[in-house]
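Step one of this worksheet: look at the structure below.
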Amino acid sequence: MAGNPRKDEISGVDTTGHEWDGIEELNNPLPRWWLWVLYASVIWSIGYWIAMPAWPGISDYTKGMLGYSQRQTVMNELAEVKAGRADIEAKIVASSLEDIAKDPNLNQYALAAGQAAFGDNCAGCHGSGAQGAKGYPNLNDDHWLWGGSLEDIHYTINYGIRSTHDETRFNDMTAFLTNEILEKQEISDVAEYVLSLSGTSTDSEAAQRGAPIFEDNCVACHNPGGVGNREMGAPNLSDKLWLFGGDKETVVQSIAYGRKGVMPTWEARLDPVTIKALSIYVHSLGGGE
Ligand code: HEC
Ligand code: HEC
């Protein structure tokens with residue numbers, strides 16, 4: 001409520017004349033420190049408007065005398081990263097796989113890039129930890145269908161296996177029943193022989209009958225003793241590790257109907273740096289030779 005300003009007897013300060021239920025407002029001056037902070041802020045803000053980008057205009061904004069721009073800073077940083085990357089990628093293109101693996105910088109870059117590309121392109125078939133699945137080989141162990149050297153792995157990734165590329169690795173497991181090369185009974189016997197190679201056969205008579213069948217039909221690709229042949233991508237059949245499965249029924253299936261595992265070619269889909277990085281990464285997983 002407005003009243004008449006007067007001097008307050010107790011404090012000796014003028015009142016503003018505002019009064020609420022008997023409580024009157026004193027007209028004290030603002031504290032000095034507060035005023036100084038206010039003046040300093042006003043001066044600072046004027047300096048800031050002049051130095052830094054501040055006022056919006058119709059089509060643009062005032063740039064300030066320092067020419068500061070966060071966007072420009074980000075662009076510069078990006079350009080720097082890109083230049084650094086282009087540099088390292090040019091080195092990767094120019095270096096052999098062995099040299100990349102030996103150079104700590106290039107190797108580190110390749111491992112990181114390879115891991116990322118693996119997650120994007122390979123994990124769907126080989127598993128996120130490259131552990132594989134039925135029909136999709138585990139890439140962590142040192143059992144290789146086609147070879148585990150840097151060069152072998154690079155070739156496989158580039159051209160694929162039974163892929164659409166002219167240079168693809170290629171060799172089919174023959175379908176012995178479909179192609180009427182063997183009878184059902186012979187297939188059952190040779191399957192027992194295959195199981196006996198890893199000590200998992202339960203019928204030694206059948207395995208004995210299967211031995212000559214194996215000799216006649218299988219050693220050309222799988223080698224005597226079924227130890228496998230990388231030239232032909234023919235798996236080792238004596239090591240208890242199976243690509244498709246080691247129970248009798250699955251082994252019979254492999255022999256009767258053949259197998260055609262397809263690994264795509266990546267030559268046209270990934271750039272050479274990424275394919276080299278993937279080779280280094282896969283080679284590093286544990287089975288590199
Ligand atoms: C569509 C499924 C699929 C995808 C995607 C795939 N692979 Fe494969 N990969 C296979 C199959 C199937 C084989 C085994 C082929 C065979 O039976 O010989 C294989 C085999 C391989 C081998 C050879 C293993 C050996 O023992 O010699 C390597 C190395 C490999 N893949 C790496 C990769 C990499 C790296 C990628 C990602 C760029 C990838 N694969 C993506 C299906 C796939
Ligand atoms: C022309 C070469 C060739 C001949 C001949 C051949 N194989 Fe194979 N075999 C392969 C290849 C290649 C694979 C792998 C197929 C794939 O990965 O798609 C394979 C796979 C297999 C597998 C699956 C192995 C696993 O780890 O799951 C079995 C079992 C097998 N062969 C048994 C035989 C037997 C028994 C014979 C003879 C009756 C035979 N193979 C003859 C090339 C051959």
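Just follow the structure's listing: the first ligand is 1, and inside any ligand the first atom is 1. It should be emphasised that the depicted structure is a prediction, and the values quoted were computed from it without experimental measurement.
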Ligand-side contact atoms (ligand 2) for residue partner [X], heavy atom cut-off under 4.0 Å:
{"X": "V194", "answer": "35 (C)"}
{"X": "S254", "answer": "22 (C), 23 (C), 28 (C), 29 (C)"}
{"X": "C221", "answer": "1 (C), 2 (C), 3 (C), 4 (C), 5 (C), 42 (C), 43 (C)"}
{"X": "I255", "answer": "32 (C), 35 (C)"}

Point to revise | N, O or S atom of H222 closer to atom 8 (Fe) of ligand 2 than 2.8 Å | key: yes
**Study point:** Stacked cation flag K134 on Y136, 6.0 angstrom / 45 deg
**Key:** no
May I ask you to check whether [X] and [Y] show a side-chain donor-acceptor distance below 3.5 Å?
{"X": "T200", "Y": "K248", "result": "no"}
{"X": "Q185", "Y": "D189", "result": "yes"}
{"X": "T168", "Y": "S163", "result": "yes"}

Check your understanding: Should G245 be listed as contacting ligand 2, given a heavy-atom distance under 4.0 Å as the test?
Key ->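 Yes; G245 lies near enough to ligand 2 that a heavy-atom distance drops under 4.0 Å.
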Considering only N or O atoms, set out every pair between ligand 1 and the protein closer than 3.5 Å, with distances to one decimal place.
unit_1: ligand 1; atom_1: 7 (N); unit_2: H126; atom_2: NE2; d: 2.8
unit_1: ligand 1; atom_1: 9 (N); unit_2: H126; atom_2: NE2; d: 2.8
unit_1: ligand 1; atom_1: 17 (O); unit_2: R162; atom_2: NH1; d: 3.4
unit_1: ligand 1; atom_1: 18 (O); unit_2: W146; atom_2: NE1; d: 3.2
unit_1: ligand 1; atom_1: 18 (O); unit_2: R162; atom_2: NH1; d: 3.3
unit_1: ligand 1; atom_1: 26 (O); unit_2: L145; atom_2: N; d: 2.7
unit_1: ligand 1; atom_1: 27 (O); unit_2: L145; atom_2: N; d: 3.3
unit_1: ligand 1; atom_1: 27 (O); unit_2: W146; atom_2: N; d: 2.9
unit_1: ligand 1; atom_1: 31 (N); unit_2: H126; atom_2: NE2; d: 2.9
unit_1: ligand 1; atom_1: 40 (N); unit_2: H126; atom_2: NE2; d: 2.8

Point to revise | Check: T174 N/O within less than 3.5 Å of ligand 2 N/O | key: no
Practice item. With heavy atoms under 4.0 Å as the rule, classify the contact between Y193 and ligand 2 as side chain, backbone, both or neither. Key: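 Neither; nothing of Y193 gets under 4.0 Å from ligand 2.
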Exercise for review: Between I187 and ligand 2, find which residue part has any heavy-atom pair under 4.0 Å and reply side chain, backbone, both or neither.
Suggested key: neither
Donor-acceptor contact below 3.5 Å, side chain [X] vs main chain [Y]:
{"X": "H283", "Y": "E289", "result": "yes"}
{"X": "K91", "Y": "L106", "result": "no"}
{"X": "T156", "Y": "D152", "result": "yes"}

Point to revise | Chi angles and distances behind the salt bridge (charged side-chain N to carboxylate O under 4.0 Å, His left out) call for R209, E186 | key: CA-CA 8 Å; R209 287 196 302 271; E186 293 172 303; over 6 Å; no
Check your understanding: Using 30° and 60° as the class limits, which term best fits the ring planes of W44 and Y48: parallel, tilted or perpendicular?
Key -> tilted
**Study point:** Y281 vs L139 side-chain heavy atoms within contact, under 4.5 Å
**Key:** no
